[in-house]
Amino acid sequence: MPKILVSREPDDQSGVDLLSRFEDVEVLPYDPNNLELTADQQRAEILVVSFRGSHRPIPLIPQLPHLQMVQLLSAGTDEWTPHVPADVVLASARGGHAHSVSEWVLSAVLCLYRGWPALLDYQREGIWAHRQVDPETVTGKRALIIGAGHIGTASAERLRKMGATTTLVASTARDGVHGADEIPNLIAGHDLVVIAAPITPETRRLVDQKFLASMPDGALLINAGRGEIVDTDALIAELRTGRLRAALDVTDPEPLPPGHPLFACPGVIISPHMSKNIPDTAQRCYGVAVQQIKTFLEGGVPSNIERRR
């Protein structure tokens, strides 16, 4: 009977409930804060990583000699790839974060376009700032979305509903989606750039000084992907001129240390890697994860499996 390790934290209860419905499967709750497994837990074939603090259970892997699959609840796998043996299936919950992260993208765009940072500054000073801020509208804006997976396409859909036009980019071109090699020719024709791509050798430092210099004056950079995709020093230099604005859910380094110059840059809003954190995200991610595990147990290949190079 296959044994599945699932976190016993409150956010993971929906996963325990769903997996417990499987026939001939034993679900073993574990404490992700405890780095020692019991003898019974060590016989598990599948490890489901806790929804919160996904890096914590990495030290458990050497204690699982029968491990066949690691199922993450994150959209990316980069933190885990170096630690999971090549013969062990590594799968993400790609698709489970599209609703929450795309909502964050839209909120960040609206926040900057409608001047909320400046309005809040006036509020703190007790100033009724009537007509002191020049708002913009999403309608008519051109959005370049780098990353055409679930999060990127959901972000495009939300922006289109607000009246923007969108251009999707993926690593390779397909119907309705541009290839990454076209990015240099696309940047200048867009008012905002949304990063929704995973971290790969090709995307690391993709948004460098040349990329940022190609963005039109007043353009927005929205990073909901990985911090390492953006060259932080190059971004700071642009923000300090006031030419560009940015909304960042991820940064490099992360977390930003106290006093980091990015905090003090004009025209930037920063959320501490929490774009996915809304009440139903855990349930959405477990809905994806359980299907991945079901496919694996039935002898199939999970759709979200990481293809090792």
Side-chain angles (χ1 to χ4, degrees), residues 76 100-121 133-138 141-147 151-152 154-156 158-159 162 164 166-169 183-184 186-199 203-277:
S100 57
V101 178
S102 64
E103 185 176 85
W104 177 89
V105 167
L106 181 59
S107 74
V109 171
L110 288 170
C111 179
L112 289 168
Y113 275 164
R114 301 310 296 263
W116 277 106
L119 289 171
L120 289 172
D121 287 341
V133 173
D134 294 323
E136 298 176 62
T137 178
V138 179
K141 291 296 192 294
R142 301 157 299 171
L144 177 63
I145 301 176
I146 299 177
I151 291 172
S155 297
R158 289 186 187 275
L159 289 167
M162 295 293 294
T166 60
T167 304
L168 282 163
V169 176
I183 290 176
L186 293 171
I187 301 169
H190 292 82
D191 306 293
L192 65 101
V193 175
V194 177
I195 304 297
I199 187 69
T203 61
R204 192 178 300 275
R205 299 291 186 275
L206 171 67
V207 183
D208 56 10
Q209 188 276 332
K210 184 177 180 180
F211 185 112
L212 294 167
S214 299
M215 294 176 65
D217 291 352
L220 304 185
L221 175 69
I222 312 291
N223 191 1
R226 283 288 186 264
E228 298 93 333
I229 295 175
V230 176
D231 183 326
T232 300
D233 291 339
L235 178 60
I236 289 172
E238 282 286 2
L239 290 172
R240 282 175 171 169
T241 69
R243 197 181 72 83
L244 300 179
R245 294 166 290 174
L248 310 173
D249 185 55
V250 289
T251 60
D252 182 26
E254 188 174 306
L256 281 181
H260 192 281
L262 192 54
F263 281 123
C265 284
V268 63
I269 55 176
I270 301 171
S271 63
H273 204 149
M274 55 181 291
S275 62
K276 66 181 181 181
N277 293 351

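Worth knowing before you read on, the calculation uses all heavy atoms, side chains too, and leaves out hydrogens, waters and symmetry mates. Model, not experiment: these values are computed from the prediction.
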Looking at R245, R142, K141, which hits salt bridge (Lys or Arg N to Asp or Glu O under 4.0 Å) with D191? R142
Looking at residues at least two apart in the chain, or sitting in another chain, which of them share a salt bridge (charged side-chain N to carboxylate O under 4.0 Å, His left out) with D134? none
With side chains defined as the heavy atoms from C-beta onward, is the minimum distance between M162 and L106 less than 4.5 Å? yes
Sequence neighbours excluded, the answer for side-chain hydrogen bond (donor to acceptor under 3.5 Å, both in side chains) partners of T251 is none
Can you tell me how far the CG atom of L144 sits from the CG atom of L221, to the nearest 0.5 Å? 10.5 Å
Nearest-0.5 Å distance that lies between atom CZ in F211 and atom CD1 in I187: 4.0 Å
Rounded to the nearest 0.5 Å, how far does CD1 of I199 lie from CZ of R226? 8.5 Å
Would you name the heavy atoms of V250 and A224 that are closest together and state the gap between them? CG2-C, 4.5 Å
Note: P261 and I236 closest approach over all heavy atoms is CG-CD1, 3.9 Å
Main chain of I229, side chain of T203: is a donor-acceptor contact present, judged purely on distance under 3.5 Å? no
Under the side chain to side chain contact (heavy atoms under 4.5 Å, CB included) rule, what do W116 and I269 come out as? Steps first, then yes or no, please. CA-CA 10 Å; W116 277 106; I269 55 176; over 6 Å; no
At what distance, to the nearest 0.5 angstrom, does CD1 of I270 lie from SG of C265? 8.0 Å
Nearest atoms (heavy-atom pairs only) where A156 meets T166: O-CG2, 3.7 Å
Would you give the length of the straight line joining atom SG of C111 to atom CG of L119, rounded to the nearest 0.5 angstrom? 9.5 Å
With the side chain counted from C-beta on, respond yes when S100 and E103 share a heavy-atom pair under 4.5 Å apart, and no when they do not. no
For M215 and L220 the tightest heavy-atom approach is CE-O, 3.4 Å
Can you pull the salt bridge (Lys or Arg N to Asp or Glu O under 4.0 Å) pairs that have at least one residue in residues 228-238, sequence neighbours excluded? E238-R243
Sort and list the pairs that fulfil salt bridge (Lys or Arg N to Asp or Glu O under 4.0 Å) and have at least one residue in residues 257-274, not counting sequence neighbours. none
By side-chain hydrogen bond (donor to acceptor under 3.5 Å, both in side chains), which residues pair with T232, not counting sequence neighbours? none
Quick one, T167 with H190, criterion side chain to side chain contact (heavy atoms under 4.5 Å, CB included). Give me CA distance, side-chain angles, the key distance, then yes/no. CA-CA 9 Å; T167 304; H190 292 82; 2.8 Å; yes
Candidate list N223, L244, L248, D208, test side chain to side chain contact (heavy atoms under 4.5 Å, CB included), partner L235, passing option: L248
What verdict does the side chain to side chain contact (heavy atoms under 4.5 Å, CB included) test give for L159 and I145, after you've listed the backbone C-alpha separation in whole Å, the side-chain angles of each residue and the deciding distance to 0.1 Å? CA-CA 10 Å; L159 289 167; I145 301 176; 4.2 Å; yes
Can you tell me how far the CH2 atom of W104 sits from the CE atom of M274, to the nearest 0.5 Å? 10.5 Å
Nearest non-hydrogen partners of L112 and P117, listed with the distance: CD2-CG, 4.3 Å
Between V207 and I146, does a side chain to side chain contact (heavy atoms under 4.5 Å, CB included) hold up when you go through it step by step? CA-CA 11 Å; V207 183; I146 299 177; 5.6 Å; no
Heavy-atom pair with the smallest gap, counting every atom of G267 and L239: O-CD2, 4.2 Å
Test: salt bridge (Lys or Arg N to Asp or Glu O under 4.0 Å). Region: residues 248-269. Which pairs qualify, not counting sequence neighbours? R205-D252
